[in-house]
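Just so it is clear, the values below take in all heavy atoms, side chains as well, and ignore hydrogens, waters and symmetry mates. Note on naming: letters A, B, ... go to the chains in the order of the sequence lines (proteins, then strands), and numbering restarts at 1 for each one.
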Amino acid sequence: MSDTMKENNNTITIDGREIPFKEGQTIMDAALAADIYIPHLCHRPGLKPHGSCKLCTVEVNGRSASACTLPAAKGQEISNNTEALNGVRKTITQMLFVEGNHFCPACEKTGDCTLQAVAYHLDMLDGHFPQFYPRREVDASHPGIVLDRDRCIMCELCVRTSREMDGKDVFAITGRGIDAKLIVNSASGKLADTDITTDDLAAHICPVGAILIKEHGYEVPIGRRTFDLHTIAEPGVEPVILRKGKHADEH
Amino acid sequence: MESHNGPTGQTGAHLLHRLFEVQQQYMHIPKQSILELAGELRLPVSQVESVVDFYSFFHRTPRGRFDLLFSNCTSCGDTAMMRSLCKRLNVTPGETRADGLVSINETSCIGMCDQGPALLVNSRTLTGLTAIRLEQIAAQIEAGVPVPEWPVEWFRVQDNVRKNGLLLGTAFETGSGLRAALEKGPEAMLAEVTQSGLRGRGGAGFSTGMKWKFCREAKGDAHYVVCNADEGEPGTFKDRILLSSHAHAVFEGMSICGHIIGASKGYLYLRGEYRYLLNDLHAVLKRRHKARLLGKHILGQAFDFDIEIIVGAGAYICGEESALIESMEQKRGIPRVRPPFPVTKGYLDQPTVVNNVETLAAAALIAVHGGAWFSGHGSEKSAGSKVLSISGDCTTPGVYEYPFGVSIQRILDDCGAEDVQAVQVGGPSGTLIAPDEFERKLGFEDLATGGSFMIYSKDRDLLKVISNFTHFFAHESCGFCTPCRVGTTLLKNGLDKIASGHGTKSDVDEMYRMATMVKRRSHCGLGQTAPNPLLDALKRFPEVFEQRLVHDSEFEPHFDLDAALEEARQISHRDDAEAHLA
């Protein structure tokens with residue numbers, strides 16, 4: 001059977017729109033290929049799907065599932081952009097905000113931050129829940145990279161990127177439950193003693209301001225940052241997010 | 001066989017076992033030991049560290065030379081006793097006394113619900129606590145008498161089997177099941193298991209025959225059998241009895257499964273709380289080796305199979321099969337994304353059957369007596385019997401075995417439970433039912449249960465019970481997915497607010513909304529069931545919440561403004577009236 005044949009036979013339906021998928025694709029893969037936005041934070045094309053943030057929660061034939069991990073299968077009827085599901089996503093986003101310490105106006109990542117962009121997309125206007133105010137350690141030991149755990153959302157993008165793309169093993173999550181936290185793989189526990197460099201993709205992948213490159217603050221003024229010019233739901237915005245410091249409009 | 005992810009095959013070499021030894025030696029895991037273990041086991045430092053931080057029984061700072069953990073279960077726990085011992089020994093709960101002699105804390109249910117209150121002291125189980133015993137314990141600690149020299153009767157654990165049934169009451173001759181299975185051959189034996197209608201006894205109830213068939217058909221370099229003895233559901237202790245008095249049947253069930261699926265290795269994952277069973281279990285394995293029921297050429301045939309025991313370290317989530325596999329692979333117990341399921345990609349990514357202790361014991365009996373014998377008992381959709389752990393407000397707590405289809409009322413009558421307010425069937429993750437439902441029946445078609453059966457009389461404060469369970473889930477959440485990680489804590493905080501008399505109607509509505517979301521959207525069974533006690537109670541016992549609500553005020557802030565100033569008062573060394581609000 002040719003690929004086209006397969007594609008023709010293999011379709012799923014998202015919010016009434018029938019789209020093709022290839023064998024081995026997840027619902028998220030198929031949706032992204034068809035320019036359908038399913039909100040997500042811990043997912044990044046090219047990395048092993050994780051399924052932890054649950055922002056990509058969809059309903060597949062009435063059952064709740066993560067679009068980024070569930071393999072697409074012929075005939076799936078998927079609800080995505082519904083009021084109820086966006087409500088769930090907004091709640092989850094609020095939960096991510098209150099469990100950490102996120103002060104957007106004081107964060108270098110503002111305007112380039114995926115968490116913030118998703119929050120705007122979902123019309124989130126407040127944290128709603130009482131703040132947890134956790135005490136988390138900042139690690140500024142590395143000459144080129146700073147780790148501000150206050151903003152970490154446990155998406156493990158850095159963990160996976162370091163392992164899968166950089167061929168290293170710089171980051172890990174430790175602890176359990178609400179005490180889970182990001183650690184680095186070195187005897188001292190300090191970033192300076194790992195083999196990470198500013199050239200590593202893991203140093204740039206963070207969707208929030210937890211991992212930042214030093215000495216490159218506010219190079220792009222507020223007002224001309226990624227999500228000042230794009231919305232998170234825009235097709236093809238993923239690669240743009242990574243080009244922080246230089247925007248699609250400044251080649 | 002050697003792998004960077006998995007244990008090397010010797011019992012001592014597993015990270016959890018090595019960490020236990022270090023914890024015993026230093027009463028904590030020193031940083032230096034983490035580095036050494038990482039080198040020894042060829043694991044990343046961050047992996048060793050993350051395992052230390054994940055499991056409740058490992059500590060980064062020194063515990064006392066006498067480290068006591070009181071169960072906080074509603075059946076085998078007594079935190080008032082804990083507080084009184086703390087007072088007696090001048091210890092702050094959770095902290096180590098300045099002289100390093102003693103530390104006291106709480107732990108989740110330790111499976112002694114039929115003979116509580118109970119505690120763990122230096123990882124040994126101590127049952128049947130009384131005020132007098134507490135005083136004796138305090139004296140032993142103050143005198144520095146090492147735990148192995150404490151009176152042995154303090155550590156006695158009774159089986160307390162009150163009612164025998166199909167599984168506990170049928171005599172089992174060691175080796176008979178395996179002999180029958182080898183005679184029949186794998187296909188015919190699998191057909192018997194399938195015909196028996198046996199379904200997983202952990203609570204989920206997946207067909208055992210089907211699971212074994214899928215695993216047998218899955219391709220891999222090796223196949224594995226895992227016995228899930230991480231019995232952590234509060235109120236459950238039936239596996240404890242199966243492991244202490246029916247271990248041969250359990251190991252034989254594992255071996256039979258191994259023969260069917262083509263495995264030569266099996267693992268029993270024992271919860272850390274049951275470490276006291278370890279020596280006896282190893283002795284049984286040794287006897288089975290001698291009898292040629294384990295090892296090479298079992299019973300003279302071309303079948304090699306061996307069993308190893310891995311001991312957990314205090315993490316309820318490891319009862320979830322894929323989290324258990326992660327734990328076996330020396331990692332944090334984080335449930336995997338499914339599919340793929342363990343039957344195709346389990347331990348070391350190879351096809352793996354994970355079964356409950358009771359399921360495997362039943363399989364051994366099915367090998368001897370046949371599938372029809374088993375399916376002849378129980379109800380239409382739930383063949384066979386269920387071993388229950390009954391505890392709480394009744395005259396004779398203990399282990400009771402019933403054919404499926406038995407009514408709740410019948411069970412309550414048998415164990416001497418009167419004036420019952422509610423029954424928690426299947427543990428906190430199960431169903432809370434009220435008296436008008438006591439004619440309901442146990443079985444996969446009505447009330448499914450992994451074996452926990454907790455009874456609450458009319459004298460109990462049900463809100464305290466619900467609060468206990470809600471705290472339990474927040475403590476045991478692995479932290480992987482957002483709904484469960486944050487949601488279980490939000491539910492805990494919300495319930496605390498109501499219990500402390502500060503809750504309003506809107507807090508209840510808010511909790512209902514959150515509970516529904518966590519249940520529906522969490523990654524695994526823990527999050528999907530964590531809100532059950534709360535949701536069941538809101539539905540069946542709304543008055544226990546309403547009684548505590550603030551009605552005369554329209555607004556109740558989430559936090560106490562005056563209490564929030566406490567830190568400022570401490571810093572400024574002030575405690576006068578002016579430093580307080582109102």
Tell me whether Y512(B) at atom OH has more than 12 heavy atoms from other residues, nucleotides or ligands lying less than 6.0 Å away. no
Non-hydrogen atoms of chain B under 4.5 Å away: do they reach the side chain of Q131(A), the backbone, both or neither? neither
Within a reach of under 6.0 Å around CD of E137(A), are more than 12 heavy atoms found that belong to other residues, nucleotides or ligands? no
Where does I173(A) contact chain B at under 4.5 Å (heavy atoms): side chain, backbone, both or neither? both
Compare every heavy atom of F480(B) with every heavy atom of G51(A), then report the nearest pair and how far apart it is. O-CE2, 3.5 Å
Only pairs of heavy atoms separated by less than 4.5 Å count here; which of G479(B), S56(B), P339(B), S46(B) has the most with chain A? S46(B)
Please examine the side chains of C484(B) and K54(A), heavy atoms only from C-beta on, and report whether any two atoms are closer than 4.5 Å. no
Side chains of M514(B) and M95(A), heavy atoms from C-beta outward: is any pair under 4.5 Å? yes
Just checking, any donor-acceptor pair under 3.5 angstrom between side chains of R520(B) and T57(A)? no
Output the option from T489(B), T488(B), V486(B), I34(B) having the highest count of non-hydrogen pairs under 4.5 Å with chain A. V486(B)
State, yes or no, whether a side-chain contact exists between L490(B) and E99(A) at a heavy-atom distance under 4.5 Å. no
Measuring from atom NZ of K519(B) to atom OG of S64(A), what distance do you get when rounded to the nearest 0.5 angstrom? 12.0 Å
Side chain, backbone, both or neither: which part of I92(A) has a non-hydrogen atom closer than 4.5 Å to chain B? both
Side chain, backbone, both or neither: which part of L85(A) has a non-hydrogen atom closer than 4.5 Å to chain B? side chain
Counting only heavy atoms closer than 4.5 Å, note whether S66(A) contacts chain B via side chain, backbone, both or neither. neither
Closest heavy-atom pair and its distance - P44(B), N185(A): CB-ND2, 3.7 Å
Kindly check if the number of other-residue, nucleotide or ligand heavy atoms within 6.0 Å of NZ (K48(A)) is above 12? no
Ignoring hydrogens and geometry, is there a side-chain-to-backbone donor-acceptor pair from R332(B) to G175(A) under 3.5 Å? yes
Exceeds 12 heavy-atom contacts within 6.0 angstrom, atom OH of Y120(A): no
Under 4.5 Å from any heavy atom of chain A, what part of R336(B) do you find: side chain, backbone, both or neither? neither
For atom NZ of K31(B), is the number of surrounding heavy atoms from other residues, nucleotides or ligands below 6.0 Å larger than 12? yes
Any donor-acceptor pair under 3.5 Å from T482(B) side chain to C53(A) backbone: yes
Side chain, backbone, both or neither of E510(B) within contact of chain A (heavy atoms, under 4.5 Å): side chain
When the 4.5 angstrom heavy-atom criterion is applied to V184(A) and chain B, the contacting part is backbone
With chain A, which of G487(B), A315(B), G333(B), P483(B) has the greatest number of heavy-atom pairs at distances under 4.5 Å? P483(B)
To the nearest 0.5 Å, tell me how far S50(B) OG sits from L182(A) CG. 11.5 Å
Spell out, as yes or no, whether a donor-acceptor pair under 3.5 Å connects the side chain of R521(B) to the backbone of L55(A). no
Quick check on A38(B) against chain A: is it the side chain, the backbone, both or neither that has a heavy atom closer than 4.5 Å? neither
Set out, in order, the CA-CA distance, both residues' side-chain angles and the distance that settles side-chain contact (heavy atoms from CB on, under 4.5 Å) for Q47(B) and D169(A), then state yes or no. CA-CA 10 Å; Q47(B) 185 174 336; D169(A) 185 14; over 6 Å; no
If you count the non-hydrogen atoms of other residues, nucleotides and ligands that lie under 6.0 Å from NZ in K345(B), is the total more than 12? no
Drop me the distance from C481(B)'s SG to M154(A)'s CE, to the nearest 0.5 angstrom. 13.0 Å
Tell me, for V337(B) versus chain A, whether the close heavy atoms (under 4.5 Å) come from the side chain, the backbone, both or neither. side chain
